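Only one structure is covered here, and it is reproduced in the block below.
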Amino acid sequence: MLWIALINKWGTGLWMGAAALYFTLVTGLSVAEVGVLMGVSGAVGIAGAPLAGHLADRFPVTRVIFGAQLQQAIALLALLTTDNFSLLLLYSSVNSLADRGANVLTKLYAARIAGPDRTRYQAVQRTVSNAGWAIGGLAGALALAVGTDHAYQALLIGNVLSFLVAALLTLRCAEPPSPSRVVTDSTVSERPASPSNPWRDRPYLLFTATEAALFLDDAVLQVGMPLWIVHATDAPHGLAPLLMVLNCVLVVCCQVPLSRFGSTPDAARALLVPLAACFVVGCAAMTASVTGGTWPAVIALVAAAIAFTFAEILHAIASWELSIALAPDDAQGAYLGVRPFLVGPAQRGTPLGHGGDRRGSPCLAAARRGGDRDRRGAASPRTQEAGACERSGGRARRGA
């Protein structure tokens, strides 16, 4: 499944850095239409998590994963067939629905296949996914440098092929044991007890709702910090994509080693204290970045990016372990599916956010500025510089 994650996220990295530009430059949608398309499809996708979790408690999880991957491949391929806004919205929503569901399914697979080592397994899988995003994003940047319609279409086809390969490999994966699916014979007269219902589990719902605020590190890193750099500090605009690269490198290097500090529910709960400290340090560093010149701002922003990255890493560890530990064995899929449904609004802090993916928003900003320049005429040199920097940021990041 780790190779599948690498191939899957490589394809996602290829496409998502170019998604907004594809819709504006190839299909001819306006920036407003792109915003509506991404926002609505993302909102529809939130429903994919509880639906996938429900199915995984009743059917083999590898087969459900295969279905989600096949659905994504078909929906993305359909984007090539039309430039009609309604159809593009429909296909994007179908893709988003499967994407959010697949995220839950892969976590559920990790929990079942790894058993007591689930925290480390999930950390390894997250590291591999980040590496895939980075590799795909870099490859996508090379194609984006060409800037032709065929280049954008090639990125989309590459993403489709990655899902098809991942789906075929998933069929070869062993099905992990599932406590929610028990085979009985005809001699059993008693009806099995109804599985636990996460929507009636108030402590779990409270935990999930309060955890939503911890997903704001994504929004800060993807949207808040680039805008802060451009509008509030003297730091060079080109620092934004470099901070995204720093974030990616730190996650790849530190996620697995730090996972040992959250291998039990008590240890995971204890991580909430340093997690809060990272948020405080990150916010303080961002505030300090507006008080000095260029180099003090750069140093403060680098410190903020490091702090928010470690907040992201610690949150991933604690959230993963606690969400599994609090879910009853007979309904792990349903419980894991509820979490993205409730925390989705926080994760959608980015204009182009898709699930936990954090790529693509700078591209929409670049497209918006491009449209503004077309309407107003020639842009000032500073505006051109800002647009170039943010376009670079959209290409350097792991790709949405």
Side-chain angles (χ1 to χ4, degrees), residues 4 7-45 48 66-102 132-133 135-170 351-355 357 359-364 366-368 370-371 391 394-395 397-400:
I4 294 173
I7 294 171
N8 192 332
K9 299 308 178 184
W10 170 82
T12 301
L14 271 181
W15 163 243
M16 292 313 299
L21 296 179
Y22 173 87
F23 288 125
T24 55
L25 301 178
V26 178
T27 66
L29 298 184
S30 67
V31 174
E33 287 175 324
V34 174
V36 172
L37 183 147
M38 293 295 185
V40 172
S41 64
V44 171
F66 169 80
Q69 291 165 337
L70 195 60
Q71 178 177 327
Q72 287 182 272
I74 295 173
L76 288 170
L77 188 62
L79 293 177
L80 291 170
T81 66
T82 183
D83 57 3
N84 179 271
F85 174 76
S86 298
L87 290 176
L88 291 172
L89 177 59
L90 173 63
Y91 300 149
S92 297
S93 298
V94 171
N95 171 61
S96 182
L97 197 71
D99 176 63
R100 296 298 287 265
W133 275 321
I135 296 171
L138 291 174
L142 297 177
L144 286 173
V146 177
T148 64
D149 289 358
H150 292 306
Y152 292 119
Q153 292 166 345
L155 293 177
L156 179 53
I157 293 173
N159 194 20
V160 170
L161 292 176
S162 74
F163 281 117
L164 291 176
V165 173
L168 293 176
L169 292 177
T170 299
L352 294 183
H354 279 267
D357 298 347
R359 286 113 351 236
S361 55
C363 288
L364 183 57
R368 182 184 299 276
R391 281 194 297 274
R395 295 166 187 170
R397 187 56 173 160
R398 322 175 199 168

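Remember, predicted model here, so these are calculated numbers, not experimental data.
- Evaluation of the side-chain contact (heavy atoms from CB on, under 4.5 Å) rule for Ile7 yields Ser162, Val165, Leu169 as partners, not counting sequence neighbours.
- Closest approach of Val94 and Ala75 over heavy atoms only: CG1-CB, 3.9 Å.
- Using a distance-only test at 3.5 Å, with no hydrogens or angles considered, a donor-acceptor pair links the side chain of Ser96 to the main chain of Ser41.
- We find the NE2-CG distance between His150 and Leu155 to be 13.5 Å, quoted to the nearest 0.5 Å.
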Decide side chain to side chain contact (heavy atoms under 4.5 Å, CB included) for Phe85 and Val36; before the verdict, give the C-alpha distance in whole Å, the side-chain angles of both, and the deciding distance to 0.1 Å.
-> CA-CA 10 Å; Phe85 174 76; Val36 172; 4.0 Å; yes
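- Here the CG-CD distance, from Asp99 to Gln69, works out to 11.0 Å after rounding to the nearest 0.5 Å.
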Residues Leu80, Ile157; criterion side chain to side chain contact (heavy atoms under 4.5 Å, CB included); working and verdict = CA-CA 9 Å; Leu80 291 170; Ile157 293 173; 3.6 Å; yes
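- Rounding to the nearest 0.5 angstrom, the gap separating the OG1 atom in Thr24 from the CD atom in Glu33 is 11.0 Å.
- Here the side chain of Ser92 pairs no donor or acceptor atom with the backbone of Leu89 at under 3.5 angstrom.
- Between Gln71 and Leu97 the shortest side-chain heavy-atom distance falls below 4.5 Å.
- Here the closest non-hydrogen pair linking Tyr152 and Trp15 is O-CZ3, 4.3 Å.
- Within the model, atoms OG1 of Thr27 and CG of Leu79 stand 9.0 Å from one another, a figure rounded to the nearest 0.5 Å.
- For Arg100 against Gly42, the heavy-atom pair with the smallest separation is NH1-O, 4.3 Å.
- Taken to the nearest 0.5 Å, the CH2 atom of Trp10 stands 12.5 Å off from the CG atom of Leu138.
- Atom OH of Tyr91 sits about 8.5 Å away from atom CG of Asn84, to the nearest 0.5 Å.
- With sequence neighbours left out, the side-chain contact (heavy atoms from CB on, under 4.5 Å) criterion links Val160 to Ala73, Leu76, Leu77, Leu164.
- Across Trp133 and Lys9, no two heavy atoms sit closer than the pair CD1-O, 3.5 Å.
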When you look at Thr12 and Phe163, which way does the side chain to side chain contact (heavy atoms under 4.5 Å, CB included) test go after all the steps?
-> CA-CA 9 Å; Thr12 301; Phe163 281 117; 4.2 Å; yes
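- Contact between Asp83 and Leu29 at its shortest, heavy atoms only, is O-CD2, 4.4 Å.
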